Amino acid sequence: MEAVLLEDKPKNLFESEFYASTVFADRNLIAPHYTPNELPFREKQIEEIAKNLSLCIHNKRPDNFFLYGKTGTGKTSVTKNVISQLSEFVSQKNIQVRAEYINCRNHNSKYRVLIKLVKELYPTENFLGYSAAFVYEKVLDYAKKGNNLILVLDELDKVKDLDELIYGLTRGNDELQGKGGITLIGISNNLNFKERLDPRTKSSLCEQEMVFPPYNAEELRKILFTRAETAFKKNAVEESAINLAAAFAAQESGDARTAVMLLLRAGEISDKNKSFKVTDKEVIKAKQTVEEEIIFDMISTLPRQQQLVLLAISDLSLSNKGIKKLNGLHEEHVLFSGEVYEQYRVKAKSLQENIISSRWYRQYISELEMYGLIHTTSSGKGIKGQTRLIKLGYDAKKIKELIEKEVGG
DNA sequence: CCTCCACAGGAAGCGCAGGAGT
DNA sequence: ACTCCTGCGCTTCCTGTGGAGG
């Protein structure tokens with residue numbers, strides 16, 4: 001396909017302003033939620049899913065699929081890519097296959113998923129207020145007309161009554177008896193999630209499974225190159241800048257989304273400075289802002305009490321109380337679980353907040369570690385008793401600043 | 001070796017809010 | 001409008017654990 005140069009078109013006043021970028025050719029192509037056509041290093045997964053789904057074009061029911069892997073490993077992009085190609089194909093050939101994508105973060109119960117689904121299937125009708133059973137029947141009706149329904153449920157772990165939802169939808173296939181069918185593709189980035197499922201749900205949902213491994217630095221590098229080719233102007237991005245962004249992201253988590261995000265922010269920085277190049281300098285700056293965005297995102301969604309716990313940790317980290325002589329040898333900046341709890345109590349009291357129990361405080365500490373906001377190690381020699389040694393994952397000043405903005409001094 | 005310390009983290013249960021069924 | 005139910009945030013109670021100290 002021939003690329004149409006912007007210069008060839010008559011310009012609208014605003015369009016020229018809109019595209020007045022020093023480095024971007026098309027910023028949208030590198031936005032976080034853009035689904036690229038090419039997905040390097042996922043050919044195997046695409047092929048496998050497509051092969052399974054292709055059964056439905058011969059009017060057979062494909063296996064249910066369960067995809068899991070960390071965020072930014074391409075689960076959603078791969079699935080969307082496959083189902084959009086499938087939809088395109090079946091509409092050309094007039095085959096009765098319908099694929100729907102639902103993100104369960106926004107539709108987090110059985111009822112909400114079903115409502116969302118029937119709204120897509122019967123766009124002209126209104127189902128608000130109808131019972132779950134009625135809506136469920138509507139879905140089955142749709143399949144009974146001989147339609148093969150493929151339902152992608154992204155962020156599946158967010159559904160409260162998941163067992164019921166899966167049971168209902170898979171049991172539907174027994175009632176249909178070969179006339180049409182319902183195929184589920186579940187996506188989750190929670191690796192332990194599968195183990196918590198009801199055994200029956202597990203066996204019906206996980207007829208086939210697929211793991212999406214994180215990308216390594218080399219793969220991220222190639223991904224960024226292909227994305228940069230279309231999103232940026234020619235030669236606007238220095239090769240070393242891409243390498244650096246890939247290295248940063250690989251070191252963090254092998255997450256393609258952060259890698260792309262880094263490059264996007266770096267480009268924006270160049271744009272703002274009216275610079276025609278994206279270099280290492282911009283990527284390094286972008287890393288800081290992306291990091292801050294992530295931290296702030298996490299902190300602002302934390303419960304107030306947990307914010308106070310984190311604030312207590314950053315307070316102590318900034319004071320010299322945090323410096324410990326471990327093993328009587330070297331000094332290190334770590335905190336005891338007990339003293340953090342004490343500091344938290346003082347803090348909460350002075351802000352006239354109620355105080356959570358020590359048990360729940362420990363729960364909060366575990367969560368903070370999962371989010372990567374703090375690191376903990378178990379106490380070893382030189383310390384009496386069994387305690388957790390706590391260390392901040394990011395800069396104490398920055399975190400303190402962000403929380404105080406949130407909590408309101 | 002036993003006991004104590006200073007916690008970790010599992011289990012059970014409680015009050016509440018909000019949603020579904022009647 | 002009303003009950004019933006369920007998930008959520010949290011407390012209470014409890015058992016487990018590794019090192020320090022006698």
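Since the structure is predicted, the reported quantities are computational estimates derived from the model, not experimental observations. Each chain gets a letter, A, B and so on, in the order the sequences are listed, and its residues count up from 1.
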Taking the six-membered ring of Phe41(A), is the NZ or CZ of Lys222(A) close enough (under 6.0 Å from the centre) and on axis enough (within 45°)? no
Do the charged groups of Lys44(A) and Glu47(A) touch, with an N to O distance under 4.0 Å? no
Terminal contacting nucleotides, 5' and 3', DNA chain B versus chain A (heavy atom, 4.0 Å): dC5(B) to dA20(B)
For Lys274(A), does the NZ atom have more than 12 heavy-atom neighbours from other residues, nucleotides or ligands under 6.0 Å away? no
Residue pair Val334(A) / Glu339(A): nearest heavy atoms and the distance that separates them: O-OE2, 4.4 Å
Which heavy-atom pair separates Leu311(A) from Ser314(A) by the least distance, and what is that distance? O-OG, 3.0 Å
Is the side chain of Lys75(A) donor-acceptor paired with the backbone N or O of Gly69(A) at a distance under 3.5 Å, no angle test? yes
Going by the side-chain contact (heavy atoms from CB on, under 4.5 Å) test, name the single residue among Leu156(A), Leu153(A), Asp154(A), Leu53(A) that passes it with Ile185(A). Leu53(A)
For DNA chain B, whose closest nucleotide is more 5', that of Gln363(A) or that of Thr387(A)? Thr387(A)
Check whether the side chains of Tyr361(A) and Gln305(A) place a donor and an acceptor atom closer than 3.5 Å, and report yes or no. no
Going 5' to 3' through nucleotides 10-15 of chain C and flagging B where a protein heavy-atom sits under 4.0 Å of the base, S where only the sugar-phosphate is that close, and - otherwise, we get BBB---
